[in-house]
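Notes follow once the structure below has been shown.
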Amino acid sequence: MELSSVFASPMLLLQLCIRTLHYFLVSLYSKVCDRRAGVCRATISPPPTHSKLEENKVQDSTTPTSVNYHFTRKCNYKCGFCFHTAKTSFVLPLDEAKRGLSLLKDAGMEKINFSGGEPFLHDKGDFLGKLVQFCRLELQLPSISIVSNGSMIKERWFQKYGDYLDILAVSCDSFNEETNQLIGRAQGKKSHLDNLYKICSWCQQYKVAFKINSVINTFNVDEDMTESITWLNPVRWKVFQCLLIDGENAGEDALREAERFVISEEQFQEFLDRHSSVSCLVPESNEKMRNSYLILDEYMRFLDCREGRKDPSKSILDVGVKEAICFSGFDEKMFLKRGGKYVWSKADMKLEW
């Protein structure tokens, strides 16, 4: 159509104006919507997913410098205050335990402590010995230690595995046999103290640093152990205040009833004051102890004790160390405050054998 024809017809001219105005309004509306959408996209981003939050948490995780691996819960003693009781009889296969220890080493572990239950009970101590040997020869850890009640240890174990071990701690709560019997720190009528002195001698002979752990409770709180501890001369004497853990030694599902063993802060301090002359004494109140240990259970799960019970993480064998350790409840500041980092390699202790 020629332009002259359009101007000649008022009706056509009106239609053209309406159509032009329509196109303009549609275009303007489209631009406004795009701009508003762009602003929304720029200012309203979707919340981070759970996996992203977990990833950030994993990146901020703690280095597992010192780890306590309770690879078995079974024990031949029945200490009334025990806070890691025989709720299962499970023990990981040796290869899986080694795999977990390798993961811990890769994550920064420098010290491993094997405990239980009674760690020498499983496979007559050979399972434990093979783990100690693996940690020394394969992982080359600076420090390897064991906590035991001492009743199952034989000299041949020292002959086979002693070179690989830095520290052996034997639990002893009293230097009175009757008191040990009352506590449950005994098997039948066998002398717990005879084993203690014998193991101290073997440690000297096979160049393993000797340590003593004692739990202070209502049965031994008035005892004076100064003379015996001085004679045994351990590198460290760890003195713990009796601790209640729900589901372990307190509560409906517990295998122990430790309430009758509990002492006050004042009683614990009086015991410490009585033994202030013992230079190797390392005190640990409930406050210091509860959250300052990295504890792995028999499934290699970190145990969180912040709520007064042991809440397990997922196993490091399934999710890795960095993710699992986020749920350990570990208080690194308290770990350092209680002296958790010390000279823990026997090569650095400069002991006189």
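The first residue of the sequence shown is numbered 1, and numbering continues consecutively from there.
- Surrounding CD of E257 are at most 12 heavy atoms belonging to other residues, nucleotides or ligands under 6.0 Å away.
- Using a 4.5 Å heavy-atom cutoff, the side chains of T218 and V262 are not in contact.
- For E265 (side chain) and S285 (main-chain N/O), no donor-acceptor pair under 3.5 Å exists by modelled atom type.
- Under the 3.5 Å distance criterion, with hydrogens and angles disregarded, a donor-acceptor pair is assigned to the side chains of N113 and N68.
- The closest side-chain donor-acceptor pair between Y161 and Q133, if any, does not fall under 3.5 angstrom.
- Judged by distance alone, the side chain of R236 and the main-chain N or O of V282 form no donor-acceptor pair under 3.5 Å.
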**OP:** Assess whether side-chain contact (heavy atoms from CB on, under 4.5 Å) is satisfied between I295 and H70, documenting all intermediate values.
**Re:** CA-CA 7 Å; I295 300 174; H70 295 249; 3.5 Å; yes
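- Looking only at atom types and distance, the side chain of T226 has a donor-acceptor partner in the side chain of D224 under 3.5 Å away.
- Side-chain contact, S145 with K111: a donor N or O sits under 3.5 Å from an acceptor N or O.
- In this structure, the side chains of D222 and F271 stay at 4.5 Å or more apart for every pair of heavy atoms.
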**OP:** For D331 and K333, run salt bridge (Lys or Arg N to Asp or Glu O under 4.0 Å): C-alpha distance rounded to whole Å, both residues' side-chain angles, the deciding distance at 0.1 Å, then the answer.
**Re:** CA-CA 6 Å; D331 186 341; K333 289 183 179 179; over 6 Å; no
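- Under a 3.5 Å cut-off, the side chain of H275 and the backbone N or O of L281 do not form any donor-acceptor pair.
- You'll find the side chain of I216 stays beyond 4.5 Å of the side chain of F240, heavy atoms only.
- Under a cut-off of 6.0 angstrom, the local environment of NZ in K78 is sparse, with at most 12 non-hydrogen atoms contributed by other residues, nucleotides or ligands.
- Aromatic ring pairs are classed by plane angle as parallel below 30°, tilted from 30° to 60° and perpendicular above 60°; the pair F127 and H122 is perpendicular.
- Put simply, I245 and V147 are part of two different groups of oily side chains (I, L, V, M, F, W, Y) that touch within less than 4.5 Å, one to the next.
- Side-chain contact check for F71 versus L128: some heavy-atom pair is nearer than 4.5 Å.
- The closest side-chain heavy-atom distance from I325 to L294 is below 4.5 Å.
- Checked against the 6.0 Å centroid threshold, H192 and Y77 count as a close aromatic pair.
- Between W231 and F175, the ring centre distance reaches or exceeds 6.0 Å.
- Ring planes of F219 and F261: tilted class, angle from 30 to 60°.
- Checking R73 against T88 by side-chain atom types alone, no donor-acceptor pair falls below 3.5 Å.
- Taking the six-membered ring where the residue is Trp, the centroids of F302 and F327 are separated by 6.0 Å or more.
- Rounded to the nearest 0.5 angstrom, K310 NZ and D297 CG are separated by 8.5 Å.
- Residues Y69 and M300 are in side-chain contact: their nearest non-hydrogen atoms beyond the backbone lie under 4.5 Å apart.
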Original post:
For R309 and D311, what are the C-alpha separation, side-chain angles and deciding distance, and is it a salt bridge (Lys or Arg N to Asp or Glu O under 4.0 Å)?
Top reply: CA-CA 6 Å; R309 59 181 183 269; D311 296 322; 2.9 Å; yes
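- Not a single donor-acceptor pair under 3.5 Å links the side chain of K322 to the backbone N or O of T63.
- Side chains of T179 and D173: a donor-acceptor N/O pair is absent below 3.5 angstrom, by distance only.
- Side chains of Y197 and S228 form a contact here, defined as non-hydrogen atoms less than 4.5 Å apart.
- In the hydrophobic clustering of ILVMFWY residues, with side-chain heavy atoms under 4.5 Å counting as a link, L94 and W157 come out together.
- Heavy-atom contacts from other residues, nucleotides or ligands closer than 6.0 Å to CD of E287 number 12 or fewer.
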**OP:** Check the pair W202, Y206 against ring-ring contact (aromatic ring centres under 6.0 Å, His included), reporting the backbone distance first and the verdict last.
**Re:** CA-CA 6 Å; W202 284 338; Y206 293 98; 7.7 Å; no
**OP:** Check the pair K74 / E118 against side-chain contact (heavy atoms from CB on, under 4.5 Å), numbers first and verdict last.
**Re:** CA-CA 6 Å; K74 293 182 69 176; E118 172 46 49; over 6 Å; no
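- Between the CD atom in Q241 and the CG atom in L272 there is a gap of 9.0 Å [rounded to 0.5 Å].
- One N or O on the side chain of Q267 and one on the backbone of S264 form a donor-acceptor pair closer than 3.5 Å.
- Rounded to the nearest 0.5 Å, atoms OG (S315) and OH (Y299) are 10.5 Å apart.
- By the 6.0 Å contact criterion, CG on D253 is open, its count of non-hydrogen atoms from other residues, nucleotides or ligands being 12 or less.
- Cluster annotation: L101 is connected to F90 through the hydrophobic network of ILVMFWY side chains, with a link wherever side-chain heavy atoms come within less than 4.5 Å.
- Separation of atoms CG (L196) and CD1 (I153) is listed at 10.0 Å; rounding is to 0.5 Å.
- If you check the side chains of E248 and T85, you find a donor sitting under 3.5 Å from an acceptor.
- Remark: K314 NZ is loosely packed, at most 12 non-hydrogen atoms of other residues, nucleotides or ligands lying under 6.0 Å away.
- F134 and V67 fall within a single hydrophobic cluster, where Ile, Leu, Val, Met, Phe, Trp and Tyr side chains are chained together by heavy-atom contacts under 4.5 Å.
- Looking at N149 and N76, their side chains do bring a donor and an acceptor atom within 3.5 Å of each other.
- Clustering ILVMFWY residues whenever any of their side-chain heavy atoms sit less than 4.5 angstrom apart, transitively, puts V235 in the very cluster that holds V343.
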**OP:** Report the C-alpha separation of K341 and E110 in whole Å, then their side-chain angles, then the decisive distance to 0.1 Å, and conclude whether the salt bridge (Lys or Arg N to Asp or Glu O under 4.0 Å) test is met.
**Re:** CA-CA 10 Å; K341 187 70 181 288; E110 298 176 15; 3.8 Å; yes
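- With a 4.5 Å cut-off on side-chain heavy atoms, S143 and L141 do not count as touching.
- Note: N286 CG to L244 CG = 7.5 Å, rounded to the nearest 0.5 Å.
- Within the 3.5 Å criterion, the main-chain N or O of R185 finds no donor-acceptor partner in the side chain of N180.
- Separation of atoms CG (D194) and OG (S151) is listed at 13.0 Å; rounding is to 0.5 Å.
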**OP:** Would you check, one step at a time, whether the test side-chain contact (heavy atoms from CB on, under 4.5 Å) holds for L296 with R301?
**Re:** CA-CA 5 Å; L296 282 178; R301 304 176 300 185; 5.7 Å; no
**OP:** Kindly indicate, with the supporting measurements, whether the criterion salt bridge (Lys or Arg N to Asp or Glu O under 4.0 Å) is fulfilled by D166 and R136.
**Re:** CA-CA 10 Å; D166 290 278; R136 175 64 75 215; 2.3 Å; yes
Original post:
Does the pair E298 and T72 meet the rule for a side-chain contact (heavy atoms from CB on, under 4.5 Å), with working shown?
Top reply: CA-CA 6 Å; E298 64 274 21; T72 179; over 6 Å; no
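- Of the possible donor and acceptor atoms, one in the side chain of N249 sits under 3.5 Å from a partner among the backbone N and O of F81.
- Between W344 and Y342, the angle of the ring planes goes over 60°, which puts this pair in the perpendicular group of the 30/60° scheme.
- Using a distance-only test at 3.5 Å, with no hydrogens or angles considered, a donor-acceptor pair links the side chain of N217 to the main chain of V215.
- Using modelled atom types, one finds a donor on one side chain and an acceptor on the other under 3.5 Å when comparing E284 with Y293.
- The heavy-atom pair separating N291 from C305 by the smallest distance is OD1-C, 3.6 Å.
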